[in-house]
Amino acid sequence: MDADPTGIALPATDRSAGPASAYQAPELTVVIPTFNERDNVDPLLAKLRTALAGIEWEAIFVDDDSPDGTAARVIERARTDSRIRCLRRIDRRGLSSACIDGVLASAAPYFAVIDADMQHDETLLPDMLRQIRADGLDIVIGSRYVAGGGTGEWSGHRIAISRFANALSRLVTRVRLTDPMSGFFLMRREAFDRAAPSLSGQGFKILLDLFASSPKPLTFAELPYTFRSRTFGESKLDAQVVWDFLMLLLDKTVGRFVPVRFALFAAVGGIGVLVHLAVLAASLAIGFGFAVSQTTAMLVSMTGNFLLNNLITFRDRRLKGRAVIRGLLSFYLVCSVGAVANVGVATMIYEGDVIWWAAGIAGAVVGAVWNYAASTIFTWRTR
């Protein structure tokens with residue numbers, strides 16, 4: 001036993017492992033976000049071993065608790081190959097946030113992001129690494145739209161959607177990328193660290209997030225590759241992906257001024273005011289008394305607001321089944337308290353000799369903020 005200066009006995013040092021300098025730290029970390037990609041783990045690792053021969057590398061699979069056992073497969077392979085690691089996330093979803101977590105778990109000076117479905121061309125990684133080192137770039141991107149690249153077997157409809165999404169993305173990237181929606185790139189870690197504090201981590205387009213969040217323009221190059229067809233598993237492209245993409249665009253354009261979710265909530269509230277007035281007018285025209293008409297209009301507008309917020313504003317927390325009834329009743333209660341707050345604040349300000357429309361706006365703002373905050377906590381709380 002050895003001893004420290006205090007005289008406390010310590011376990012003997014294992015000197016058989018050799019000097020620390022014998023360990024070769026990875027130069028490149030390959031971050032691979034996964035969800036239900038078990039059957040792709042082994043083929044992808046075989047391709048990475050071939051493509052990255054002669055390079056010190058590691059692969060970090062970031063798995064969102066796949067029910068098909070993806071994490072278990074990666075862990076099994078990690079027991080026989082120290083270059084492989086698994087970061088399993090519980091109750092979290094999202095490709096962008098998975099990529100961020102994977103990079104933060106690494107120490108390599110360079111990292112690459114690649115899909116587990118082998119639709120990206122892993123043989124391009126050595127060329128990416130050579131170019132980023134030789135030219136001192138921040139990032140090298142695999143592009144489907146630069147000369148020599150291709151979209152493989154995509155239909156004309158999907159190509160049109162992709163090009164439209166690319167055009168929208170360029171509004172926030174501030175650079176002329178041919179493929180800002182690419183999910184295949186290699187980046188210098190220090191450039192990532194500069195952008196990290198401002199990343200939204202939302203949705204599936206981490207490249208767009210990086211360019212929009214970097215405090216200074218990223219120096220880049222694009223290399224062509226042809227997008228492959230998936231062999232195993234299913235595509236993750238669905239309505240939720242589209243919603244996440246639009247929310248990311250909004251966050252990077254108006255998010256610096258007002259939270260995007262609150263802006264959507266307020267917009268839905270504005271629609272609710274119009275619905276309220278329309279129902280009120282119709283009820284009065286039919287012959288109902290004002291009290292009945294006002295109550296009916298209030299219930300219809302609140303119900304409409306709830307349904308729209310459930311579909312749009314809180315789509316990522318959308319209530320389904322019996323939870324919709326509970327959520328609707330909760331929303332009624334929240335909005336009722338918000339209405340009381342609205343009237344109370346407006347009245348108090350008005351009585352302080354403030355012009356009537358300013359008092360009304362102040363009350364409406366207080367009511368809107370209360371409704372948003374309370375419904376976020378009680379109606380669409382994070383599960």
Side-chain angles (χ1 to χ4, degrees), residues 26 28-53 55 57-90 92-103 105-106 108 111-129 141-144 149-155 158 162 179 181-187 203-207 223 225-238 240-241 244:
L28 174 66
T29 296
V30 182
V31 177
I32 309 163
T34 59
F35 184 74
N36 287 344
E37 299 285 2
R38 180 191 59 194
D39 293 335
N40 286 318
V41 171
D42 287 340
L44 177 59
L45 285 174
K47 288 178 177 292
L48 288 176
R49 290 185 181 108
T50 300
L52 298 175
I55 298 172
W57 62 278
E58 65 176 352
I60 300 180
F61 289 81
V62 186
D63 185 66
D64 287 351
D65 199 25
S66 300
D68 74 340
T70 299
R73 176 67 57 86
V74 175
I75 291 170
E76 183 180 357
R77 300 300 177 257
R79 288 177 178 141
T80 58
D81 190 337
S82 61
R83 296 174 298 185
I84 301 167
R85 289 196 279 155
C86 179
L87 180 58
R88 181 183 175 193
R89 308 197 306 172
I90 307 298
R92 294 190 64 195
R93 291 287 299 275
L95 186 145
S96 289
S97 61
C99 292
I100 293 169
D101 288 349
V103 176
S106 74
F111 72 90
V113 171
I114 190 170
D115 285 352
D117 54 20
M118 293 178 291
Q119 293 181 302
H120 296 152
D121 185 358
E122 74 292 331
T123 64
L124 196 61
L125 288 172
D127 291 336
M128 289 175 154
L129 185 60
I141 302 153
S143 172
R144 296 160 292 186
T151 54
E153 298 179 1
W154 279 13
S155 66
R158 185 171 179 183
S162 175
D179 197 357
M181 299 288 284
S182 177
F184 179 36
F185 58 90
L186 190 149
M187 189 172 190
F204 286 70
K205 297 304 174 184
I206 182 63
L207 181 65
L223 297 181
Y225 84 101
T226 298
F227 198 76
R228 300 168 178 162
S229 297
R230 172 185 281 272
T231 302
F232 301 106
E234 298 179 352
S235 172
K236 310 302 188 298
L237 183 62
D238 57 15
Q240 181 64 43
V241 172
D244 285 336

Exercise. Report, as yes or no, whether the 6.0 Å neighbourhood of atom CZ on Arg77 holds more than 12 heavy atoms from other residues, nucleotides or ligands.
Key: yes

Quiz item: Within the distance-only criterion (no hydrogens, no angle test), does the side chain of Asp64 pair as donor or acceptor with the backbone N or O of Phe35 below 3.5 angstrom?
Solution: no

Self-check item: Interatomic spacing from CZ in Arg85 to CD1 in Ile75 - rounded to 0.5 Å
Solution: 13.0 Å

Quiz prompt | CG-CD1 distance between Asp117 and Ile32, expressed to the nearest 0.5 angstrom | solution = 11.0 Å

Quiz prompt | Heavy-atom pair with the smallest gap, counting every atom of Ala51 and Pro126 | solution = O-CG, 3.1 Å

Self-check item: Exercise: identify the closest heavy-atom pair between Asp115 and Gly183
Solution: OD1-O, 4.5 Å

Self-check item: Nearest heavy-atom neighbours spanning Ala71 and Asp63
Solution: CB-OD2, 3.6 Å

Quiz prompt | For Ile114 against Pro33, the heavy-atom pair lying closest together | solution = O-CD, 3.6 Å

Quiz prompt | Contact summary for Glu37 and Thr70, nearest pair of heavy atoms | solution = N-OG1, 2.9 Å

Quiz item: Could you give the distance from CD1 (Ile84) to CD1 (Ile60), rounded to the nearest 0.5 Å?
Solution: 11.5 Å

Exercise. Apply salt bridge (charged side-chain N to carboxylate O under 4.0 Å, His left out) to Glu76 and Arg38, showing your working.
Key: CA-CA 11 Å; Glu76 183 180 357; Arg38 180 191 59 194; over 6 Å; no

Practice problem: Any chance you could measure Asp39, atom CG, to Arg73, atom CZ, to the nearest 0.5 Å? | Solution: 6.5 Å

Quiz item: Taking C-beta and beyond as the side chain, do Val30 and Leu52 meet within less than 4.5 Å on heavy atoms?
Solution: yes

Quiz item: Checking Ser182 side chain against Ser143 main chain: does a donor-acceptor pair fall under 3.5 Å?
Solution: no

Quiz item: Can you list the steps and then say if Leu186 with Leu28 is a side chain to side chain contact (heavy atoms under 4.5 Å, CB included)?
Solution: CA-CA 9 Å; Leu186 190 149; Leu28 174 66; 3.8 Å; yes

Quiz item: Atom CZ of Arg49 and atom CG of Leu44: how far apart are they, to the nearest 0.5 Å?
Solution: 9.5 Å

Quiz item: Parallel, tilted or perpendicular: which fits the ring planes of His120 and Phe184, with parallel below 30° and perpendicular above 60°?
Solution: parallel

Practice problem: Measure the spacing between CG of Leu125 and OH of Tyr225 and express it to the nearest 0.5 Å. | Solution: 11.5 Å

Quiz prompt | Closest heavy-atom pair and its distance - Gly142, Asp179 | solution = O-OD2, 4.1 Å

